[in-house]
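All remarks here apply to the structure that follows.
Within every chain, numbering begins at 1; the chains are lettered A, B, ... in the order of the sequence lines, protein sequences first and strands thereafter.
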2 protein chains.
Amino acid sequence: MSNIREVARRSGVSVATVSRTLKDPKVVSPQTRARVLKAVDEVGYRPNLLARNFSSGKSFAVMVLVPNIANPFFSRVIRGIEKAAQDQGYSVLLGDTKGQPANEQFYAGMALTNQADGLIQLDSSYPFADKDATLAASVPMVNACERIAEDDRYPVVELDNRGAAQAIAQHLMELGHSRIGVITGPVASPIVRDRLAGFRQALEKRGLQLDSERVTEGEFTMPSGQRGAEALLSAAHAPTAIFCMNDEMAIGAIHQAKKMGLTVPGDVSIAGFDNIEFSQFTDPPLTTIDQPAEALGRYAMETLRLMIDAKPLKSSRTILPFNLVLRESTGPLQDV
Amino acid sequence: MSNIREVARRSGVSVATVSRTLKDPKVVSPQTRARVLKAVDEVGYRPNLLARNFSSGKSFAVMVLVPNIANPFFSRVIRGIEKAAQDQGYSVLLGDTKGQPANEQFYAGMALTNQADGLIQLDSSYPFADKDATLAASVPMVNACERIAEDDRYPVVELDNRGAAQAIAQHLMELGHSRIGVITGPVASPIVRDRLAGFRQALEKRGLQLDSERVTEGEFTMPSGQRGAEALLSAAHAPTAIFCMNDEMAIGAIHQAKKMGLTVPGDVSIAGFDNIEFSQFTDPPLTTIDQPAEALGRYAMETLRLMIDAKPLKSSRTILPFNLVLRESTGPLQDV
DNA sequence: CTGAAAGCGCTAACAA
DNA sequence: TTGTTAGCGCTTTCAG
């Protein structure tokens, strides 16, 4: 592995000049530049970025904490993060936490040892260990898709979750439904509460109540959606429509409804959230909320970059718009 | 940010002793150790791993090149990589290449600037730019799930693809099918050729031919599976069973079959490959090949680690077993 | 426009 | 067991 000294020797200049040629070519004379570049070429020199980063005191890497990398929605967010990171000369370290504090603390801790310049947290928990809280205070972090519960120190990039849930509720009511069930995500999550609040509000605006017996908690997974649907649909006065707070749970719910001999949307309408690619291929295709996942990731990275560079943020909260996607999993209330 | 010097000063020892206390506590006396640890605690010292890595000449990071992070199969492989990496004190850099050479070259190039100590390539292409080939020769790399076409310089961790395709073929033949179609992945991929060869071999062993008109190329995506099925099923003498080389294409194929008014598996049996979680929730649930995805990732990381440490490999090829998962998307040939 | 030299924080060889 | 010191490869300040 060749180093800057070798290039310097070979081109008869100092290491400083080689460094300058590579970082800021226009400050060296054309002749020198040519000589240096020739030498670079001859020895196949690549700067050791480990040294450069060390020297600059930055890693030029960001750590992304993702609760579940197998969720295709997060994949899209990560894509957006990566694209923006690449544009800005940053690399992306992946931390699949499975929602477990131990993993979060491990990966978040990497920012305390200069392995990452900042964090993007896609979950709703404060990722640092309590004992690290003091040190962590100076670590740039942004929350994307989620919000850290009861902690407004960090900027947030999120969807208009409340509005999206309202849109779903309105859509279902317009179809004539009034007995509506909800399969939520973990209720500890602020966005779950946002969605629930928006949904409830929309119902109440039309004089309907969201019966608490028709609200069941899921885990954003297909099996939990299946279990939730089973609970809701086997009750007396079962709902004629179910709003699932992500597509995976909706897929589980459709599966369960069919298993119970019900038709979708004939007997029960089912709506999801996220618009993952699979939602187009379910039977029936899923009515859902499209989230601008890549944009969420991109804004998160751009915001984080500003924080890393200690530049002022335009706003500590970026709210992106949703889009209601109507497909065939929701339909008019059937006469009984 | 405190540094090792500050801790040294505070505890009245040299920086070397602080360093030793942290890396190899048993070589310092208990009293000294206690003093040092106390100081570490007081100033909230965390070693700057950027400096440590630089000093050691290694980044302790590996770059994972993944063609499509939205594919849940790869998510599981990445999980396995990450787990193993964490165990070994490595971090994981993510490079979502979308199968594009420019992206591969960009991310692979990070190993040439010491940002990664090695590469795990999940696609079938040689990821470096031609001009980097010489330098790249010394970069540790392992191929997982795929093989780099016509390049046996790198160790491989893969499935018994040939055997798996044979198992699918046998299963379909046992159900009475003889007009069998295949939706492949990109034919440039060696594993696609393996699967095709295995499949063909199994048919021929029973005196059946794999009609080339019943083989169509997909891209491992749901839309391409849908297109493939449309082509196969609208032909005269349409196949009564279709083997799709991944689950996503199978999901697209089921979608298309239903769209054409066909029942699955009544009119056409459809089998997938990978056993992604969604394959349990399709209607009907998918017969498929279970790949030990996490294990593939883990072995890849462990192999890469050996290469990074310049230790001998037990074998340049690790082949993991598959498991045929029978569900309801395949069924007996119906009388016509 | 270019060079000399200090220094980033840590490790490790060598001495004591 | 501990301290001194020389780097690791690069950037950057300060002179020239």
Rounded to whole Å, how long is the line connecting atom CZ of F54(B) with atom C1' of dA6(D)? 13 Å
Run V62(B) and M301(B) through side chain to side chain contact (heavy atoms under 4.5 Å, CB included) and show every step you take. CA-CA 9 Å; V62(B) 299; M301(B) 181 63 216; 3.8 Å; yes
Side chain to side chain contact (heavy atoms under 4.5 Å, CB included) with P25(A): which residues, sequence neighbours excluded? R33(A)
Indicate yes or no for a side-chain donor-acceptor contact from Q121(B) to the backbone of S125(B) under 3.5 Å, with no hydrogens or angles considered. yes
Assign the ring pair Y126(A) / Y154(A) to parallel, tilted or perpendicular, where the plane angle (0 to 90°) is split at 30° and 60°. tilted
So if I take every side-chain heavy atom of S14(B) and compare against dT4(D), dA4(C), dG9(C), which nucleotide ends up nearest? dT4(D)
Would you kindly give the CG-to-P distance between N114(B) and dC10(D), to the nearest whole Å? 9 Å
Proximity to DNA chain C (any heavy atom under 4.0 Å), residues of residues 35-44 of chain B only: none
Sequence neighbours excluded, the answer for salt bridge (Lys or Arg N to Asp or Glu O under 4.0 Å) partners of K38(A) is E42(A)
To the nearest 0.5 angstrom, please state how far the CZ atom of R76(B) sits from the CD1 atom of I81(B). 13.0 Å
So the ring pair (Phe, Tyr, Trp, His ring centres under 6.0 Å) pairs with at least one residue in residues 68-99 of chain B (sequence neighbours excluded) are F60(B)-Y90(B)
Write down the distance between CG (N53(A)) and P (dC10(C)), rounded to a whole number of angstrom. 16 Å
A correct 5'-to-3' footprint of nucleotides 11-16 of chain D, with B, S and - meaning base, sugar-phosphate only and no protein heavy atom under 4.0 Å, is BBB---
Separation of dC8(C) atom C1' from D117(A) atom CG, nearest Å, is 15 Å
Rounded interatomic separation in angstrom, taking CG from L50(B) and C1' from dC10(D): 12 Å
Would you mind reading off the distance between N48(B) atom CG and dC8(D) atom C1', rounded to a whole angstrom? 14 Å
Using modelled atom types only, decide if a donor and an acceptor are shared between the side chain of Q100(A) and the backbone of A102(A) within a distance under 3.5 Å. no
With a 4.0 Å cutoff (strictly under), does any side-chain N or O of N3(B) reach OP1 or OP2 of dG9(C)? yes
Could I get the full list of salt bridge (Lys or Arg N to Asp or Glu O under 4.0 Å) partners for D24(B), not counting sequence neighbours? K26(B)
Without decimals, in angstroms, what is the distance between F60(B) CZ and dC10(C) P? 15 Å
